[in-house]
Amino acid sequence: MRRTVFFVSDGTGITAETLGHTLLTQFDQIEYRERTLPFVDTIEKADATVAYINETGRSDRCRPIVFCTLVNPACQAAVATSEALVVDFFNAFIGPLEEEFRRTSSHTKGRSHGMVNKATYYFRIDAINFALQHDDGASVQHYREADVILVGVSRSGKTPTCLYLAMQFGVRAANYPLNPDEDGSETLPEVLRPHRERLYGLTVNPERLQQIRSERRPGTRYASLGQCRREVEEVEVLFRKHALMYVNTDTMSVEEIAAQILHERQMERRLY
């Protein structure tokens, strides 16, 4: 079964996508074709959105699914008339909250992803710049300012995890590649020794590492299964010898990796 899913928002659509995807993961036997329709903030745009949704449904010969985060009542009402299953997150949750707080919501669009709090915004930008400047051991001068330094073999997921920690949580994350050829299996690189309390290791199953490396540099020693096995084994020996926290990223998403690091290190996040 294949269904078309729309994420409709008067802002970026990120909230609708996030909540919608969370629900859709419970139905993995269904195939989805996704369409994000952001900035639907006028009745004219809402009417055009309804026409597009209805046309898609007729073409598919199957009712579309719409995840909606519109705050304008007129736009909400227009989208609700579409020939689709409409899951309206604001109507579902704002009403009970208004009743509980005994207050009417502001119905202001874009609050969750807008620059409402400038301090929070600058925390995010600063953390992203820090991650970029300290990627892959490129700069080590400011490691004392890092909240965490991710270490592991090449292509074990360090860079995307650092960027996710920066963007989502405002965490200052650096990363440093461990190369057993140079460092030996039981010795921390000299530059990392003063910062042992900030280190967190990432590892991955050798077969998965070979697959990832082969996509980048196929047919090389770097991507061979034997090389991947040796590097992973030696790095995990290093982690255990120095009692470093570490996680196998083989079956984990970047969101799960970041959440585990925050939890295990009991790190303070700057963004919510």
Side-chain angles (χ1 to χ4, degrees), residues 7-22 36-41 67 69-72 89-90 93-94 97 101 103-152 156-177 191-192 194-202 245 247 249 252-272:
F7 304 103
V8 181
S9 173
D10 45 25
T12 62
I14 294 173
T15 300
E17 289 177 346
T18 301
L19 296 174
H21 283 145
T22 300
T36 299
L37 306 178
F39 308 116
V40 180
D41 52 5
F67 292 107
T69 54
L70 298 172
V71 298
N72 184 309
F89 290 119
F90 269 74
F93 300 116
I94 289 293
L97 286 172
F101 295 147
R103 296 288 187 279
T104 302
S105 69
S106 66
H107 290 272
T108 304
K109 68 177 183 179
R111 294 299 295 268
S112 60
H113 297 285
M115 199 170 75
V116 177
N117 186 323
K118 288 188 177 181
T120 296
Y121 176 79
Y122 292 131
F123 267 134
R124 175 179 283 116
I125 297 303
D126 176 70
I128 292 171
N129 285 335
F130 188 90
L132 293 172
Q133 291 165 5
H134 297 84
D135 182 44
D136 209 30
S139 175
V140 300
Q141 294 96 323
H142 304 290
Y143 272 8
R144 290 195 180 279
E145 300 174 17
D147 297 309
V148 65
I149 303 169
L150 302 186
V151 293
S156 57
K158 301 184 299 298
T159 296
T161 303
C162 283
L163 288 172
Y164 187 84
L165 284 167
M167 293 180 67
Q168 294 297 116
F169 306 118
V171 167
R172 286 186 160 202
N175 74 82
Y176 190 94
V191 69
L192 297 179
H195 311 290
R196 184 187 166 283
E197 73 282 359
R198 294 180 173 84
L199 303 182
Y200 191 98
L202 301 185
M245 293 180 182
V247 64
T249 64
M252 299 176 71
S253 66
V254 67
E255 295 90 346
E256 291 170 320
I257 299 167
Q260 180 141 341
I261 292 170
L262 286 173
H263 175 70
E264 289 195 0
R265 293 294 307 274
Q266 297 184 333
M267 292 166 54
E268 180 180 353
R269 54 187 287 183
R270 297 183 180 89
L271 305 177
Y272 286 87

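- Scanning for side chain to side chain contact (heavy atoms under 4.5 Å, CB included) contacts around Q260 gives Y200, V247, M252, E264, with sequence neighbours left out.
- Applying the salt bridge (charged side-chain N to carboxylate O under 4.0 Å, His left out) test between D147 and each of R265, R270, R269 identifies R270 as the sole match.
- Under the side-chain hydrogen bond (donor to acceptor under 3.5 Å, both in side chains) rule, E17 has a single partner from T22, T36, T12, which is T36.
- Under the rule for a side chain to side chain contact (heavy atoms under 4.5 Å, CB included), the partners of A127 that lie at least two apart in sequence or sit in another chain are A166.
- Under the rule for a side-chain hydrogen bond (donor to acceptor under 3.5 Å, both in side chains), the partners of S139 that lie at least two apart in sequence or sit in another chain are Q141.
- In terms of the ring pair (Phe, Tyr, Trp, His ring centres under 6.0 Å) criterion, residue partners of F89 (sequence neighbours excluded) are, by chain and number, F67.
- Judged as a side chain to side chain contact (heavy atoms under 4.5 Å, CB included), and not counting sequence neighbours, the contacts of L199 are I149, V151, L188, L192, L244.
- With sequence neighbours left out, the side chain to side chain contact (heavy atoms under 4.5 Å, CB included) criterion links R144 to P194, H195, R198.
- Judged by distance alone, with hydrogens and angles left aside, the side-chain atoms of T249 form a donor-acceptor pair with the main-chain N or O of S156 at under 3.5 Å.
- For residues 126-139, the set of pairs meeting the salt bridge (charged side-chain N to carboxylate O under 4.0 Å, His left out) definition, not counting sequence neighbours, comprises D126-R172.
- Under a cut-off of 6.0 angstrom, the local environment of CE in M267 is crowded, with over 12 non-hydrogen atoms contributed by other residues, nucleotides or ligands.
- By the side-chain hydrogen bond (donor to acceptor under 3.5 Å, both in side chains) test, T161 pairs with no residue at all, sequence neighbours left out.
- With H263 contributing its side chain and A259 its backbone, the two residues share no donor-acceptor pair below 3.5 Å.
- Listed by chain and residue number, S9 satisfy the side-chain hydrogen bond (donor to acceptor under 3.5 Å, both in side chains) test with T69 (two or more places apart in sequence, or in another chain).
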